[in-house]
Peer 1: 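For reference, the structure I am asking about is given below.
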Amino acid sequence: MKTISILNLKGGVAKTFTAANMAYELYRRGYKVLLIDNDKQGNLSKAYSRYDAENVAPVTRLLAGDWENADELIQHTEYEGIDIVTANMSLFGATWNLTKEDSENQIERYKALVYAKMQYYGDCTIYGKYDYCIIDNPPDIGLNVVNALAITDEVIVPVKVDEDALEGLDIVTEQIEDAKAFNPALKLAGVLITSYQNTDGEAAGVEWLEQKTDFNILGIIRYSKKVAENTFMRKPIYEYSPCCGAAKGYKKFVTAYTGKER
C-alpha cells in the first residue's frame, strides 16, 4: 500500500477536492483505496456522504487510541473499492488533548491502523488490503498531521498559481524535511496545479515553477465552473461532468502518476 498525504499550509487550494477525485480515479483503474479524513471540517467525509456531526468521529478515536478493531473505524462508501475513516469537529479536541500527553507514541497513533488486522478479512492487514491510502490534511501542522506524515510515503501539494501560494511551497518543503526525522522514507512527490486559468500571469507562474525551482509538476487541473456546481451534488467530478477541464485534468494526472490508463 502506498500512502499519500495531500498537504498545503495554505487553504483554498483544492486539497479535499484533489483527495476525493484522486481516490475516484484510482478506483476507476481497479485499485482499492482507503481515505483518511484528517481535517476537523470533515469535507472529505461530506464528499463521500459519510459525514456524521453528532458522534465522535472515527479519526478522532484513531488519534486518541480509543479503538480495538480496524472495522470500528473504517466505513464503506457507495463505491466498492473506496473506504473511509471519517472526521468531524471532535478531531480538534483529540489533537489538543494529545499535545498535553506525555506519551512516547504521540506520533505513532496512525501507524497502529496501517498494520491492524481487519476482522472481516482474517489475517489480512490494512496494509495488505488496500493499494493506496490517501490522507486529506488541514492547512496546519498539528499532531494529527504529524501522525499522518509518520505513515506517509509521498506528499502531493496542490497549489493555485499566485504569489502567496508559490512562496508557501518553501514552508511545506521545510516541514517535510523536518518530518524525515521520524519518517526517513518520506518524500515530496511534487505539486499539482489546481484551478488553472490560461492567463499570462498564471502561465508565467507555471514557467517559473518549471524553470526556477526543483518542484516536480505532477499535473495541471484547469478551472471549471462545474467544480463549484458539483459541491452540492457530492459526486466525483468525472461522474458529474466527465468532459469538463477539471475531470480531464484529474484523469490525466492519475494516469501519469500510476502509469495506468482508464
Side-chain angles (χ1 to χ4, degrees), residues 1-23 26 33-41 43-44 59 62-63 85 87 91 95 98-99 105-115 127 132-194 205-206 208-221 253-254 256-258:
M1 181 178 75
K2 176 180 282 189
T3 301
I4 301 163
S5 271
I6 309 298
L7 179 68
N8 193 327
L9 302 186
K10 180 179 174 62
V13 294
K15 290 188 297 295
T16 299
F17 196 74
T18 293
N21 286 282
M22 185 177 184
L26 289 168
V33 183
L34 175 64
L35 289 169
I36 298 179
D37 190 347
N38 203 31
D39 189 337
K40 61 183 180 295
Q41 294 185 59
N43 288 331
L44 185 61
V59 76
L62 175 61
L63 190 65
V85 179
L91 180 58
T95 305
L98 191 57
T99 63
N105 70 339
Q106 270 187 323
I107 64 172
E108 297 183 350
R109 301 300 174 91
Y110 291 3
K111 284 185 180 180
L113 175 65
V114 170
Y115 295 104
Y127 203 89
Y132 288 90
C133 174
I134 298 177
I135 307 175
D136 181 32
N137 292 287
D140 59 54
I141 300 290
L143 271 176
N144 58 322
V145 178
V146 173
N147 271 272
L149 291 177
I151 63 170
T152 295
D153 298 307
E154 294 183 350
V155 175
I156 293 175
V157 185
V159 296
K160 289 185 179 179
V161 183
D162 61 49
E163 185 176 1
D164 291 339
L166 297 180
E167 288 179 352
L169 285 174
D170 289 337
I171 300 174
V172 175
T173 303
E174 290 173 8
Q175 295 294 338
I176 293 171
E177 288 301 313
D178 290 344
K180 286 183 179 179
F182 53 82
N183 181 4
L186 179 67
K187 70 175 185 177
L188 173 62
V191 300
L192 179 67
I193 296 171
T194 61
V206 172
W208 179 82
L209 271 174
E210 291 175 333
Q211 298 182 2
K212 303 296 184 181
T213 75
D214 296 325
F215 294 112
N216 182 27
I217 298 178
L218 301 172
I220 297 177
I221 311 299
F253 153 59
V254 173
Y257 189 78
T258 62

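Residue numbers count from 1 along this sequence.
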Peer 1: Considering only heavy atoms from C-beta outward, does the side chain of Leu7 approach that of Ile156 to under 4.5 Å?
Peer 2: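 Sidechains of Ile156 and Leu7: no contact.
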Peer 1: Kindly write out the residues that satisfy ring pair (Phe, Tyr, Trp, His ring centres under 6.0 Å) with Tyr132, not counting sequence neighbours, or none if the list is empty.
Peer 2: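 Only Tyr31 meet the ring pair (Phe, Tyr, Trp, His ring centres under 6.0 Å) criterion with Tyr132.
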Peer 1: As an exercise, state the distance from CG of Asp39 to CD of Gln41, rounded to the nearest 0.5 Å.
Peer 2: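 Going from the CG atom of Asp39 to the CD atom of Gln41 covers 5.0 Å.
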Peer 1: Using 0.5 Å steps for rounding, measure from the CD1 atom of Ile107 to the CG atom of Asn183.
Peer 2: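 The CD1 atom of Ile107 sits 9.0 Å away from the CG atom of Asn183.
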Peer 1: Which atom pair, heavy atoms only, marks the closest approach of Ala179 to Leu186?
Peer 2: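 Ala179 and Leu186 have their closest heavy atoms at CB-CD2, 3.6 Å.
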Peer 1: Should Lys10 and Pro139 count as side-chain neighbours, where that means a heavy-atom distance under 4.5 Å?
Peer 2: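 Sidechains of Pro139 and Lys10: no contact.
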Peer 1: With rounding to the nearest 0.5 Å, note down the distance linking CD1 in Ile6 to CD1 in Ile36.
Peer 2: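 Taking CD1 in Ile6 and CD1 in Ile36, the distance rounds to 12.0 Å.
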Peer 1: State, with a plain yes or no, whether a side-chain heavy atom of Tyr257 is found less than 4.5 Å away from one of Leu192.
Peer 2: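 Tyr257 vs Leu192: side chains apart.
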Peer 1: To the nearest 0.5 Å, tell me how far Leu218 CG sits from Met22 CE.
Peer 2: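 If we round to the nearest 0.5 Å, Leu218:CG and Met22:CE are 8.5 Å apart.
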Peer 1: Kindly list each side-chain donor-acceptor pair under 3.5 angstrom involving residues 143-153, sequence neighbours excluded, with atom names and distances?
Peer 2:
{"residue": "Asn144", "atom": "ND2", "partner": "Asn38", "partner atom": "O", "Å": "2.9"}
{"residue": "Asn147", "atom": "OD1", "partner": "Glu108", "partner atom": "N", "Å": "3.2"}
{"residue": "Asn147", "atom": "OD1", "partner": "Arg109", "partner atom": "N", "Å": "2.7"}
{"residue": "Asn147", "atom": "ND2", "partner": "Gln106", "partner atom": "O", "Å": "2.8"}
{"residue": "Asn147", "atom": "ND2", "partner": "Leu143", "partner atom": "O", "Å": "2.8"}
{"residue": "Thr152", "atom": "OG1", "partner": "Ser5", "partner atom": "OG", "Å": "2.8"}
{"residue": "Thr152", "atom": "OG1", "partner": "Ala148", "partner atom": "O", "Å": "2.6"}
{"residue": "Asp153", "atom": "OD2", "partner": "Thr3", "partner atom": "N", "Å": "2.7"}

Peer 1: Determine, stepwise, if the pair Tyr110 / Val59 fulfils side chain to side chain contact (heavy atoms under 4.5 Å, CB included).
Peer 2: CA-CA 9 Å; Tyr110 291 3; Val59 76; 3.6 Å; yes
Peer 1: Under the salt bridge (charged side-chain N to carboxylate O under 4.0 Å, His left out) rule, collect the residues that match up with Glu177, sequence neighbours excluded.
Peer 2: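 Glu177 satisfies salt bridge (charged side-chain N to carboxylate O under 4.0 Å, His left out) with Lys180 only.
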Peer 1: Looking at every heavy atom in both Lys15 and Pro138, which two are closest together, and how far apart are they?
Peer 2: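 That closest heavy-atom pairing would be CE-C, 4.2 Å.
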Peer 1: Going by side chain to side chain donor-acceptor pair (under 3.5 Å), Thr16 matches just one of Asn43, Asn137, Asn21, Asp136. Which one?
Peer 2: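 For Thr16, the side chain to side chain donor-acceptor pair (under 3.5 Å) test succeeds with only one of Asn43, Asn137, Asn21, Asp136, which is Asp136.
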Peer 1: Quick one, Met1 with Val114, criterion side chain to side chain contact (heavy atoms under 4.5 Å, CB included). Give me CA distance, side-chain angles, the key distance, then yes/no.
Peer 2: CA-CA 9 Å; Met1 181 178 75; Val114 170; 4.0 Å; yes
Peer 1: Rounded to the nearest 0.5 Å, what separates atom CG in Leu113 from atom CG in Leu63?
Peer 2: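 With rounding to 0.5 Å, CG (Leu113) is 12.0 Å from CG (Leu63).
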Peer 1: How long is the span from the NZ atom in Lys111 to the OH atom in Tyr127, to the nearest 0.5 Å?
Peer 2: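 Result: 12.0 Å between the selected atoms.
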Peer 1: Taking the side chain as every heavy atom from C-beta outward, state whether Phe215 and Leu188 have any pair of such atoms under 4.5 Å apart.
Peer 2: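 When only atoms from C-beta onward are counted, Leu188 and Phe215 do touch, with a gap below 4.5 Å.
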Peer 1: Would you say Asn216 and Val191 make side-chain contact, with heavy atoms under 4.5 Å?
Peer 2: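 Asn216 does not reach Val191 side chain to side chain.
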Peer 1: Is there side-chain contact between Leu209 and Leu169, with at least one heavy-atom pair below 4.5 Å?
Peer 2: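 They are in side-chain contact.
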Peer 1: Specify the closest pair of heavy atoms between Pro158 and Thr194, including all atoms of both residues, with the distance to one decimal.
Peer 2: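 Shortest heavy-atom separation between Pro158 and Thr194 comes out as CB-CG2, 4.0 Å.
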Peer 1: State, with a plain yes or no, whether a side-chain heavy atom of Ile221 is found less than 4.5 Å away from one of Ile193.
Peer 2: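 Heavy-atom side-chain distance check fails, nothing below 4.5 Å.
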Peer 1: I'd like to check Val85 versus Leu34 (side-chain heavy atoms, cut-off strictly below 4.5 Å). Are they in contact?
Peer 2: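 Touching, per the 4.5 Å side-chain cut-off.
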